[in-house]
Amino acid sequence: MLEQKLQPIVSAIGAVACYFFLIVVAMIAYEVVSRYFFNAPTIWSHELSVMLCAAAFLLGGPYVHQHRSHIIISVAAERFSPLWRSRAQVLVSLLTLVFFIVLCIATFQQAADSIGFMEQSGTALNWPIPVYIKTLFASVAAFMALQTLFHVIADFKRL
């Protein structure tokens, strides 16, 4: 039930995240025109574009994971019988869950440290971008661990 409530939210976030790349393209185009035609480069475009791309990749992960649209080596999977394919999927889902649990522990610690001393980028603007990205990374890792738990349950039901 919780999984079904989260699906539209994940889809909406994934749809919004893809527009971050369009914003980055517009920002870089503005930077190029500003720099080369008006000799007035910006100091914010590079830092902001890196942050938006990182956020887009992070927010796109749950969408891909929810739909199980990630890369799979189908040549190996097709060699198994349906029963063994289901068993292999359970194993893969369990290993993925372990990975995301470990990732959660690591990213939550890094986010807490970053928030603790308000880590900044160290550039001319010195924005607290690392705080935002590390916190987003930890949140996405936790969300993907939850999604993986739903996958594990669904995979066990298929056995």
Side-chain angles (χ1 to χ4, degrees), residues 1-28 46-123 126-159:
M1 184 158 103
L2 178 61
E3 182 180 13
Q4 289 149 352
K5 289 182 179 181
L6 292 176
Q7 282 179 347
I9 295 169
V10 171
S11 293
I13 290 171
V16 169
C18 72
Y19 289 105
F20 286 7
F21 292 113
L22 291 176
I23 293 169
V24 168
V25 167
M27 285 174 25
I28 298 300
H46 176 72
E47 195 167 349
L48 190 57
S49 65
V50 168
M51 183 187 85
L52 285 174
C53 284
F57 279 113
L58 287 171
L59 294 172
Y63 179 82
V64 170
H65 190 54
Q66 180 185 59
H67 296 285
R68 294 189 184 212
S69 301
H70 50 289
I71 297 171
I72 185 169
I73 303 171
S74 57
V75 173
E78 289 171 357
R79 295 187 185 268
F80 295 140
S81 68
L83 175 63
W84 280 101
R85 198 174 307 145
S86 295
R87 289 177 180 169
Q89 185 59 51
V90 168
L91 177 64
V92 167
S93 293
L94 285 171
L95 291 173
T96 304
L97 181 60
V98 170
F99 168 78
F100 279 122
I101 290 170
V102 171
L103 188 65
C104 282
I105 293 167
T107 57
F108 271 89
Q109 184 58 52
Q110 287 187 4
D113 292 345
S114 185
I115 292 168
F117 62 86
M118 269 321 271
E119 183 178 6
Q120 294 176 315
S121 62
T123 62
N126 214 21
W127 287 344
I129 287 176
V131 173
Y132 299 126
I133 295 300
K134 289 179 181 183
T135 304
L136 181 62
F137 195 178
S139 302
V140 167
F143 191 76
M144 290 182 78
L146 181 63
Q147 279 188 318
T148 304
L149 180 62
F150 295 144
H151 289 328
V152 168
I153 293 168
D155 292 342
F156 270 115
K157 285 180 180 178
R158 277 191 227 118
L159 281 179

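Quick caveat: nothing in here was measured; it's all calculated off a predicted structure.
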### Task
Please step through side-chain contact (heavy atoms from CB on, under 4.5 Å) for the pair D155 and V92, ending with a clear verdict.
CA-CA 10 Å; D155 292 342; V92 167; over 6 Å; no

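- Side-chain contact between W127 and L48 is present, with at least one heavy-atom pair separated by less than 4.5 Å.
- Taking CZ from R158 and CZ from R87, the interatomic distance works out to 15.0 Å, rounded to the nearest 0.5 Å.
- Taking the ring centroids of F156 and H151, they lie at or beyond the 6.0 Å cut-off.
- You'll find the side chain of K134 stays beyond 4.5 Å of the side chain of T107, heavy atoms only.
- Shown here for E119 and V131, the closest heavy-atom pair between the two residues is O-CG2, 3.4 Å.
- With rounding to the nearest 0.5 Å, the separation of SG in C104 from CG in L146 is 9.5 Å.
- P130 places none of its side-chain heavy atoms less than 4.5 Å from the side chain of Q120.
- Taking all atoms of both residues into account, the shortest heavy-atom contact from A17 to A56 is O-CB, 3.5 Å.
- Looking only at distances, a side-chain donor or acceptor of Q147 sits under 3.5 Å from a matching main-chain atom of P62.
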### Chi angles and distances behind the ring-ring contact (aromatic ring centres under 6.0 Å, His included) call for F21, F57
CA-CA 9 Å; F21 292 113; F57 279 113; 5.3 Å; yes

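- Remark: L94 CG to Q89 CD distance equals 10.0 Å, nearest 0.5 Å.
- The minimum heavy-atom distance between L136 and L59, with the atom names listed, is CD1-CD2, 3.8 Å.
- Distance check, rounded to the nearest 0.5 Å: CG of L58 to CD1 of I133 gives 6.5 Å.
- Between the CG atom of L149 and the OG1 atom of T96 there is a distance of 12.5 Å, given to the nearest 0.5 Å.
- Contact check for F99 versus L95: no side-chain heavy atoms found under the 4.5 Å cut-off.
- F100 and F143 have their aromatic ring centers separated by at least 6.0 angstrom.
- Nearest approach of S49 to I28, heavy atoms of both residues: OG-CD1, 3.9 Å.
- Side-chain N or O atoms of T135 include none that pairs as donor or acceptor with a backbone N or O of Y132 at under 3.5 Å.
- Between the S11 side chain and the Q7 main chain, a donor and an acceptor come within less than 3.5 Å of each other.
- Here L22 contributes atom CG and L52 contributes atom CG; the two are 11.5 Å apart, rounded to the nearest 0.5 Å.
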